[in-house]
Amino acid sequence: MGSLVSIVRAEWLKLRSYRSAFVSLAVFVALGAGFGALTGWGTHHAWATMAPVSRATFDPLATSLSGIALGPIALGGLAVGFITNEFATGHLQGTLLAVPNRTRLVLSKIVVLGVPVALFAILTSFAAVLAFNATIDLAHERVVFAHPGVTRSLVLAGLYIALAVVFAFAMGLLLRKTALALSLFIGIYLAVPIIVQLLPWHWVRVAQPYMIGSLGASMLSAATPADGLNVWVATGLFTVYTVVLTSLGVVRLLRTSL
Amino acid sequence: MTPIPVIEVSRLTKRFGDLVAVDGLEFSASSGEVTGFLGPNGSGKSTTLRAIVGLNLPTSGTATVNGVNYRDLAYPLRHVGAFLDPKSLPKRLRARTYLRILATSNDIARSRVEEVLDFVGIASVANKRIDEFSLGMAQRLGIAVALLGDPEVLIFDEPMNGLDPDGIRWIRQVFSSLAVEGRTVLVSSHLINEVATVAHRVVVIGRGRLLAQGTVDELTVRIDAAVAFSSHDNEGLVALVRGRGGTVTRSEENSVTVLGLDADTIGQLAMEARIVLTQLVTLRDSLEDSYFELTEQSLDFSVGH
């Protein structure tokens, strides 16, 4: 397996060589921490006029992490492009001459994308909560790290972002066109939940909790959200989606002549 | 050093849908030799080279290096160096960075990157992004990529494209010296003159099939050689030549060209008729003529298809 380590190191070197990777990460951190501060500040000012129901159901943790929930959109381009750029330019041929084992290549790219992004997301989640606590200025509505489920949610935020990034990468691997893969990925996140809400058929709404956007809400909350899935079911399901999509992408890659 | 077959293509067939790109191709390239891989554009050269390095999987047959499939090599760059397409260079990366990435992926010492950059003469521009490179510089980088792992086998697809005459001369010297070191060098081209002076052996394909393989000399001799003569009585000798079944293809004031009889027979005829010969030469067709003759048919066929 010596060569797998070498391939991971090479792909890491490659990822770091692209300035756009740093830009995407910076946008993600700014979005995550920025939304933490913004939601804290906003809640602070709205609290006095908030309806009693909203106050009662107010979830400080989920609110502070709302920027993290948008993270996949900030990082989707980076993840999709990490493979589609190689298809678009022909660079993949050079890569495959050095790494002819395509399964290993895909595995290495996933490690290189997923692991650092997970760590970054955990740190950014902490930063988001700290920013939220600093701006909300309401002692009773701060996120208390010692509360049950809070640390778990921050770690799961890392896993959630990593899974989303690998999912986006797998979409790029399967579809190969940057624009197609990226718009479909963002569509799944943003457009599908809205469309489902608009559809007149009741049964469609049953599917809602199983959609990727909803899975994120389950994973990032300390408690199971209303009409959402249990956190571990959501985590498992997202993992299954990602593994299936990646496998399809690998099968297609193995069958392709370049 | 006796040449040993290293790259072996055996009954290789590759179909893309209905198109048969390579059709039962069989040839080898040996150590210590430059093998020219020739054929018109679209004859299946690139498909074959890609099959050798595992970029496509054969429909049937095999293409191996030292008996092993390229895809099974854990550190392929240390065994086989290939540069098939300038597009395979990542334009947005710096040349040095790209070589370092490749070296890392195959556990090749980083010092080797500087060695190959120096060797191909682009060390001074190695921090430029590849999209700032001219085609000639990109080809040199491609050769650096191929040499990076100090491999025993080297494969190049149309490496002279975009090179100026100096570059072509340089690249020929590189190929020769690599072969002298005992390496196996396979070089494709659609222009025979590009490789004729450097190749020990040539493999000619057309429409995905093998047309000929052998040394440059063997390939030339295959073609019916013409004989030219001049004598004190050209008309008389021409009559005798025709009587023996020879065909006169050209008759000028001083020189007559004949097909179908060899120089020995014509000399004999002249001696028997007591005609003084002033010149008698076997005209060896140039390699290029042989190549055209070989590939013409495959081209005609493809046009009529």
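Lettering of chains follows the sequences in order, A, B, ..., and the numbering in each one begins at 1. Every heavy atom of this structure was used, including side-chain atoms; hydrogens, water molecules and symmetry mates were not.
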*Asks:* When heavy-atom pairs shorter than 4.5 Å are enumerated against chain B, which of Leu97(A), Val8(A), Leu13(A) gives the highest number?
*Replies:*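 Among Leu97(A), Val8(A), Leu13(A), the one with the most close pairs to chain B is Leu97(A).
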*Asks:* Can you tell which of Thr47(B), Ile101(B), Asn56(B), Asp72(B) has the highest number of heavy-atom pairs within less than 4.5 Å of chain A?
*Replies:*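 Option with the greatest count: Ile101(B).
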*Asks:* Where does Arg102(A) contact chain B at under 4.5 Å (heavy atoms): side chain, backbone, both or neither?
*Replies:*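 For Arg102(A), side-chain heavy atoms alone lie under 4.5 Å from chain B.
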*Asks:* Could you check whether Asn127(B) and Arg94(B), counting side-chain N and O atoms only, form a donor-acceptor pair closer than 3.5 Å?
*Replies:*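 The answer is no; no qualifying pair exists.
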*Asks:* Is Glu114(B) salt-bridged to Arg96(B), cutoff N-O under 4.0 Å?
*Replies:*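 Arg96(B) and Glu114(B): salt-bridged.
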*Asks:* Does the plane of the ring in Phe119(B) sit parallel, tilted or perpendicular to the ring in Trp170(B)? Use 30° and 60° as the thresholds.
*Replies:*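 Correct class here is tilted.
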*Asks:* Picking from Arg207(B), Arg209(B), Arg15(B), what satisfies side-chain hydrogen bond (donor to acceptor under 3.5 Å, both in side chains) with Asp23(B)?
*Replies:*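 The single option meeting the side-chain hydrogen bond (donor to acceptor under 3.5 Å, both in side chains) with Asp23(B) is Arg209(B).
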*Asks:* Looking at every non-hydrogen atom in both residues, tell me the closest pair between Ala128(A) and Leu65(A) and how far apart they are.
*Replies:*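 Ala128(A) and Leu65(A) have their closest heavy atoms at CB-CD2, 4.3 Å.
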*Asks:* At a heavy-atom separation under 4.5 Å, does Arg78(B) approach chain A through its side chain, its backbone, both, or neither?
*Replies:*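 When you check distances to chain A, no heavy atom of Arg78(B) falls under 4.5 Å.
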*Asks:* Highest number of heavy-atom pairs under 4.5 Å with chain A: which of Lys87(B), Arg71(B), Lys14(B)?
*Replies:*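 When all of Lys87(B), Arg71(B), Lys14(B) are compared, Arg71(B) has the most.
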*Asks:* Nearest heavy-atom pair of Ala138(B) and Phe133(B): which atoms, and what distance?
*Replies:*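 Scanning both residues completely, I find the closest heavy atoms to be N-CD2, 4.0 Å.
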*Asks:* Which pair of non-hydrogen atoms, one from Ser10(B) and one from Glu26(B), has the smallest distance, and what is that distance?
*Replies:*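 Smallest interatomic distance, heavy atoms only, reads OG-OE2, 3.8 Å.
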*Asks:* Can you tell me which portion of Thr256(A) sits under 4.5 Å from chain B's heavy atoms? Options are side chain, backbone, both or neither.
*Replies:*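 The answer is the backbone of Thr256(A).
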*Asks:* Heavy-atom distance under 4.5 Å to chain A: side chain of Phe83(B), backbone, both or neither?
*Replies:*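 Neither part; nothing is under 4.5 Å.
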*Asks:* Select, from Leu93(B), Val53(B), Val145(B), the one with the greatest count of heavy-atom pairs under 4.5 Å involving chain A.
*Replies:*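 That would be Leu93(B).
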*Asks:* Taking side chain as everything from C-beta outward and backbone as N, CA, C, O, which of these in Leu148(B) sits under 4.5 Å from a heavy atom of chain A? Side chain, backbone, both or neither.
*Replies:*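 Contact with chain A is absent: no heavy atom of Leu148(B) under 4.5 Å.
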